[in-house]
Amino acid sequence: MTLHANETRIRQMIETLATFTATPGRGTTRLTYSQQHRDALDYLRGRMEDAGLATRIDAVGNLFGRLEGTEPSLPPVLIGSHIDSVPNGGAFDGPAGVVAAIETAFCLQELGERPRRPIEVIAMIEEEGGRFGGGLLGSRILTGQLGQNTLGTMADGQGIALRDAMAGFGLDLGLAHQAVIPEGGIHAFLELHIEQGPILESTGDAVGIVGAVVALSQLSVRIGGAAGHAGTTPMPGRRDALVAAAGVIAELPALAAAIDPAAVVTVGQIEVQPGGANVIPDLAAFSIDARAERAETVAAIKTAIRARLADLDRDGFRTEVEELLSVPETPMSEDIRAGLVASAEECGFAWRAMTSGAGHDAMVLSRIAPVGLIFVPSRDGISHTPEEWTDYDQLTRGIEVYFRTARKLAA
């Protein structure tokens with residue numbers, strides 16, 4: 001069959017976006033409100049306008065492109081994803097979904113079609129949490145989950161306040177409330193994403209159609225001990241914060257497995273102070289990411305973690321736990337899911353029902369509208385590294401399914 005989605009154009013957009021990185025030759029590093037973010041916005045704005053969209057940047061830096069409908073008063077169908085990255089990440093995580101949305105507009109332009117409902121393409125900020133932590137920042141602001149007081153306390157790892165980073169980008173934190181989309185303000189949200197896992201590649205299915213996103217929580221843990229000289233402080237009686245932290249971290253897999261063997265926990269960041277080679281650490285801070293199919297399971301894991309840290313308090317350490325992000329399991333819209341299935345079958349593409357182990361903006365936007373999520377294969381299941389890859393013919397097939405579904409949602 002003839003596809004509407006244009007593989008050459010898709011490839012060109014993905015590869016151009018990959019050039020906007022702070023780490024050339026070492027993957028994509030595109031942090032929110034950086035020069036690379038600005039360059040990407042400028043490029044995407046131009047491509048959106050080429051596709052016939054009217055563009056704007058909202059109060060917190062999300063880029064929108066609007067295709068007006070024949071009934072412009074109707075709530076729009078929102079399509080897109082994010083453009084920020086983890087440090088030294090890949091070229092497809094996030095950008096594939098933004099490119100899918102822009103390609104949808106190109107397809108409609110080439111067909112000479114104008115939908116009944118408006119379609120709005122979005123490139124969101126800070127989904128990864130690579131600069132300000134917590135993740136899903138753009139979509140949480142859009143859904144009114146983060147007020148100005150909370151945003152005003154945020155800073156990056158260099159101590160630069162979110163407020164100041166926004167000001168340097170030409171934005172005013174005091175206007176962040178203007179970015180909020182009220183419930184009912186959009187008709188639906190549709191997102192395409194790389195799988196970031198090995199299933200589709202192993203089965204040979206063209207697309208994964210997601211039924212739900214798992215529950216997740218991200219914690220920041222601090223363990224305080226007592227500093228001392230590495231050579232003169234006897235081992236008995238030491239309060240070495242790093243040794244204590246290492247003990248907790250080593251126990252996390254078994255702790256989670258005892259609650260649910262399918263649950264996953266990850267420690268991806270750790271900081272030790274004062275950081276001298278001959279000084280006993282008096283502070284160890286680390287992240288914990290916990291995920292499971294049910295929010296009750298994640299809650300039980302957090303309870304067990306806090307109980308383990310309470311043991312350290314009784315041993316003379318000082319522990320603190322802050323929850324940076326907590327999202328329950330999120331079902332996708334059955335109607336949109338059925339529409340994705342129908343589109344895949346129209347194309348003759350094999351599809352697979354899936355649960356997403358990764359969090360995505362769709363799960364947050366489900367608070368205000370029905371949402372749908374479609375996956376395309378990831379080579380070797382690898383993501384968040386420079387080696388992240390999806391073949392362009394595979395991405396094009398996924399975008400074809402995505403385009404057809406967005407077209408139906410806007411009809």
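Just the heavy atoms: all of them, side chains too, but no hydrogens, waters or symmetry mates, feed the values below.
Few gaps surround CD on Glu110; more than 12 heavy atoms of other groups in view lie less than 6.0 Å from it. Heavy atoms from other residues, nucleotides or ligands lying under 6.0 Å from CZ of Arg367 number 12 at most. No more than 12 heavy-atom neighbours from other residues, nucleotides or ligands sit within 6.0 angstrom of CG on Asn149. Heavy atoms of other residues, nucleotides or ligands lying less than 6.0 angstrom from CD of Glu293 number 12 at most. Sparse packing is recorded around CZ of Arg222, with 12 or fewer heavy atoms of other residues, nucleotides or ligands lying under 6.0 Å away. Crowding of Glu71 atom CD: a count of heavy atoms from other residues, nucleotides or ligands under 6.0 Å exceeding 12.
No donor-acceptor pair closer than 3.5 Å links the side chain of Arg66 to the backbone N or O of Pro118. In this structure, the side chain of Asp313 engages the main chain of Thr319 through a donor-acceptor pair within 3.5 Å. Side-chain N or O atoms of Glu329 include none that pairs as donor or acceptor with a backbone N or O of Val213 at under 3.5 Å. Proximity of a side-chain donor or acceptor of Asp58 to a complementary backbone N or O of Val60 within less than 3.5 Å is detected. A donor-acceptor contact shorter than 3.5 Å links the side chain of Glu126 to the backbone of Phe132. Using a distance-only test at 3.5 Å, with no hydrogens or angles considered, no donor-acceptor pair links the side chain of Thr150 to the main chain of Leu146. Here the side chain of Thr390 pairs a donor or acceptor atom with the backbone of Pro377 at under 3.5 angstrom. Distance alone, capped at 3.5 Å, is enough to place a donor-acceptor pair between the Thr330 side chain and the Pro328 backbone.
A donor-acceptor pair shorter than 3.5 Å cannot be found between the side chains of Arg116 and Thr70. Side-chain contact annotation: Glu191 with Ser81, donor-acceptor N/O pair under 3.5 Å present. Side-chain atoms of Glu271 and Gln273 include a donor-acceptor pair closer than 3.5 Å. Counted by atom type alone, Gln12 and Thr8 present zero donor-acceptor pairs between their side chains at under 3.5 Å. Judged purely by distance below 3.5 Å, without hydrogens or angles, the side chains of Thr21 and Gln36 never pair a donor atom with an acceptor atom. Checking Asp84 against Thr32 by side-chain atom types alone, no donor-acceptor pair falls below 3.5 Å. Under 3.5 Å, the side chains of Ser139 and Glu127 contain no donor-acceptor pair of N or O atoms. For the residue pair Thr405 and Ser343, a side-chain donor N or O sits within less than 3.5 Å of a side-chain acceptor on the partner.
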(request) Any chance you could lay out the side chain to side chain contact (heavy atoms under 4.5 Å, CB included) test for Arg131 and His37, step after step, and finish with the verdict? (result) CA-CA 12 Å; Arg131 182 168 186 185; His37 181 192; over 6 Å; no
(request) For salt bridge (Lys or Arg N to Asp or Glu O under 4.0 Å), just list the numbers for Arg407 and Glu113, CA-CA rounded to whole Å, side-chain angles, deciding distance to a tenth of an Å, and then say yes or no. (result) CA-CA 9 Å; Arg407 184 190 196 186; Glu113 292 184 7; 2.5 Å; yes
(request) Let me see the working for Glu400 and Arg404 under salt bridge (Lys or Arg N to Asp or Glu O under 4.0 Å), right down to the final yes or no. (result) CA-CA 6 Å; Glu400 182 70 22; Arg404 288 169 180 255; 2.8 Å; yes
(request) Carefully, step by step, assess Asp50 and Arg47 under the rule salt bridge (Lys or Arg N to Asp or Glu O under 4.0 Å). (result) CA-CA 5 Å; Asp50 290 343; Arg47 295 307 279 150; 2.9 Å; yes
(message) Quick one, Lys408 with Glu346, criterion salt bridge (Lys or Arg N to Asp or Glu O under 4.0 Å). Give me CA distance, side-chain angles, the key distance, then yes/no.
(response) CA-CA 13 Å; Lys408 294 170 189 173; Glu346 284 171 14; 2.8 Å; yes
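Across all non-hydrogen atoms, the minimal contact from Ile301 to Ala290 is CG2-CB, 4.2 Å. Considering every non-hydrogen atom in both Phe286 and Ala245, the closest pair reads CE2-CB, 3.7 Å. Scanning both residues, Pro76 and Glu120, for their nearest heavy atoms gives CB-CG, 3.9 Å.
Taking 4.5 Å as the limit, every side-chain heavy atom of Glu322 sits out of range of all side-chain heavy atoms of Leu219. In this structure, the side chains of Val401 and Arg397 stay at 4.5 Å or more apart for every pair of heavy atoms. Residues Glu103 and Phe403 fail the side-chain proximity criterion, which asks for heavy atoms closer than 4.5 Å. Put simply, the side chain of Leu365 reaches to within 4.5 Å of the side chain of Thr143, judged on heavy atoms. Contact annotation: the side chain of Leu216 approaches that of Leu325 to within less than 4.5 Å [non-hydrogen atoms, C-beta and beyond].
For the pair Arg9 and Phe106, the distance from NZ or CZ to the six-membered ring centre is under 6.0 Å and the angle to the ring normal is within 45 degrees. By the 6.0 Å and 45° rule, Arg30 does not stack over the aromatic ring of Phe20.
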With a 3.5 Å cut-off and sequence neighbours excluded, list the donor-acceptor pairs that the side chains of residues 86-94 form with protein atoms.
| residue | atom | partner | partner atom | Å |
| --- | --- | --- | --- | --- |
| Asn88 | ND2 | Arg26 | O | 2.8 |
| Asp93 | OD1 | His82 | NE2 | 3.4 |
| Asp93 | OD1 | His193 | NE2 | 2.9 |
| Asp93 | OD2 | Gln196 | NE2 | 3.2 |
| Asp93 | OD2 | His384 | NE2 | 2.9 |

N/O donor to acceptor pairs below 3.5 angstrom from side-chain atoms of residues 159-172, sequence neighbours left out:
| residue | atom | partner | partner atom | Å |
| --- | --- | --- | --- | --- |
| Asp172 | OD1 | Gly174 | N | 2.8 |

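With respect to the salt-bridge test (charged N to carboxylate O, under 4.0 angstrom), the residues Asp391 and Arg379 qualify.
For the atom pair CG of Leu409 and CG of Asp335, the computed distance is 9.5 Å after rounding to the nearest 0.5 Å. Here the straight-line distance linking atom CH2 of Trp389 with atom CG of Asp380 works out to 13.0 Å at 0.5 Å rounding. In this structure, Leu340 CG and Trp351 CH2 are separated by 10.0 Å, a value rounded to the nearest 0.5 Å. If you take CD1 on Ile374 and CD1 on Ile399, they are separated by 9.5 Å, rounding to the nearest 0.5 Å.
Thr28 pairs by the side-chain hydrogen bond (donor to acceptor under 3.5 Å, both in side chains) definition with nothing, not counting sequence neighbours.
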